[in-house]
2 protein chains.
Amino acid sequence: MRSGFFQKNKTIFLYGFSLAILLILLRWLELKYIIYDHAFEIYAGSIALVFTLLGIWLARKLTKPKVETRVVEKEVYRIMQEPFVLNEKALASLGMSQRELEVLERMSEGLSNQQIADQLFVSLNTVKTHAARIFEKLDVQRRTQAIEKAKRMGLIP
Amino acid sequence: MRSGFFQKNKTIFLYGFSLAILLILLRWLELKYIIYDHAFEIYAGSIALVFTLLGIWLARKLTKPKVETRVVEKEVYRIMQEPFVLNEKALASLGMSQRELEVLERMSEGLSNQQIADQLFVSLNTVKTHAARIFEKLDVQRRTQAIEKAKRMGLIP
DNA sequence: AATGGCTTCATACTTTCGGGTGATTTTCGG
DNA sequence: CCGAAAATCACCCGAAAGTATGAAGCCATT
């Protein structure tokens, strides 16, 4: 393709053109006897200047941009359970005992009284007693309420 | 400082030097009568070539690298109470109905079946039926388990 | 018209939970 | 060592929760 050929050799054409036009211009200036004393030096200087600029342009055109990796911090919000810290104050103010807390934790895991009893190696009745105390201290009636309240108070995760 | 002055004007000095040396070289070549026919064109061409290269070099030296910002995501964890967004996918995959979800929500608030029935203006039996379906779909046996699982799945806050 | 899902309700039954009471043992600080 | 708090266990009883089964009405899709 003609246009394709021109496209690919555009730089070369431009190059030649620049040189030709510059020479013509300089000759014309010479003929117009504006320059005659240091003619050659001016020629050379002009050519040097123009082609330096051309070189710069070329370099900018052809050089691939240097890639500089810049780390941009982007906040990625994640669902994460904030590290649970037991609310000791609330625990103390309620007078919640260690054993009761253990029962409460297992309750919140959805275990039945019997399962809790098995895990803690105590009788079902014992767990019931603990549960009753827990409800009393938390001032609730049902285990679901106890769990809800205890979570809000920071007694369990 | 002298050296500082030279440093800062290095490019200009280099420039002048190049031109001077080139001219001397060309004159010498001319004197050696290797060139004499198309002397001027060769002069011009040589100067053009050299200064183009110089321009390219200059450009590369002086041009600040184009910064292509490459975003590298860096996770910044932060504690936040996750604003609850309902996990619709899980909801759909479980085939959980709207009514069932309502019951589930109230369950998690610690309400009894009777209270839920009153709030939703349905009978206790209806709530029980919903509850049974919920347990079935969540594959659990107790309401406490259902709450625990539903929370983890993002069905309820 | 038929099908299937959702919601509603009922009945009957079993299991678990929660309240109340009382009692024994263990632990731990004064 | 003594006493209070904690932990353990038992028994009873009623309430609540959960299981199983059936069924009717509604609504959208086929």
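Chain letters run A, B, ... following the sequence lines, proteins first and then strands; every chain starts at 1. The figures that follow rest on heavy atoms only: side chains count, while hydrogens, waters and symmetry mates do not.
- Checking the phosphate oxygens (OP1, OP2) of C/dC9, no side-chain nitrogen or oxygen of B/N125 falls inside 4.0 Å.
- Summarising the geometry, the separation between CD on A/E136 and C1' on C/dC17 is reported as 16 Å, rounded to the nearest angstrom.
- Distances shorter than 4.0 Å separate some side-chain N or O of A/T126 from OP1 or OP2 on D/dC9.
- Taking A/N87 as the reference, A/K89, A/A90 meet the side-chain contact (heavy atoms from CB on, under 4.5 Å) condition, with sequence neighbours excluded.
- Atom CD1 of A/I134 is separated from atom P of C/dG19 by 11 Å (rounded to the nearest Å).
- Not one N or O on the side chain of A/T126 forms a donor-acceptor pair closer than 3.5 Å with the backbone of A/V122.
- Scanning both residues, A/L91 and A/L86, for their nearest heavy atoms gives CD2-CD2, 3.6 Å.
- Salt-bridge annotation for A/E109 and A/R106: absent, with no side-chain N of the basic residue lying under 4.0 Å from a carboxylate O of the acidic one.
- For D/dA7, neither phosphate oxygen OP1 nor OP2 lies less than 4.0 angstrom from any side-chain nitrogen or oxygen of A/H130.
- Protein atom CG of B/L124 is 14 Å distant from nucleotide atom P of D/dT19, rounded to whole Å.
- Annotation for A/R143 and B/T144: closest pair CD-CG2, 3.7 Å, computed over non-hydrogen atoms.
- As rounded to whole Å, 11 Å separates atom P of D/dA7 from atom CG of A/L120.
- Within residues 88-119 of chain B, the residues having any heavy atom closer than 4.0 Å to DNA chain C are, in order of number, B/S97, B/Q98, B/R99.
- B/E148 pairs with exactly one of B/Q145, B/K151, B/R152 by the side-chain hydrogen bond (donor to acceptor under 3.5 Å, both in side chains) rule, that one being B/R152.
- Rounded to an integer number of Å, the gap from CZ of B/F121 to P of C/dT8 is 12 Å.
- A donor-acceptor contact shorter than 3.5 Å links the side chain of B/K149 to the backbone of B/L138.
- Interface residues of residues 138-157 of chain B facing DNA chain C, ordered by number: B/R142; criterion, heavy-atom separation under 4.0 Å.
- Counting to the nearest Å, the C1' atom of D/dA7 and the NZ atom of A/K128 are 18 Å from each other.
- The two residues B/L155 and B/M96 have their closest heavy-atom pair at CD1-CE, 4.3 Å.
- Heavy-atom minimum distance, A/S108 versus A/I156: CB-CD1, 3.6 Å.
- Nearest nucleotide to the A/F135 side chain, out of C/dG18, D/dC9, C/dA10: C/dG18.
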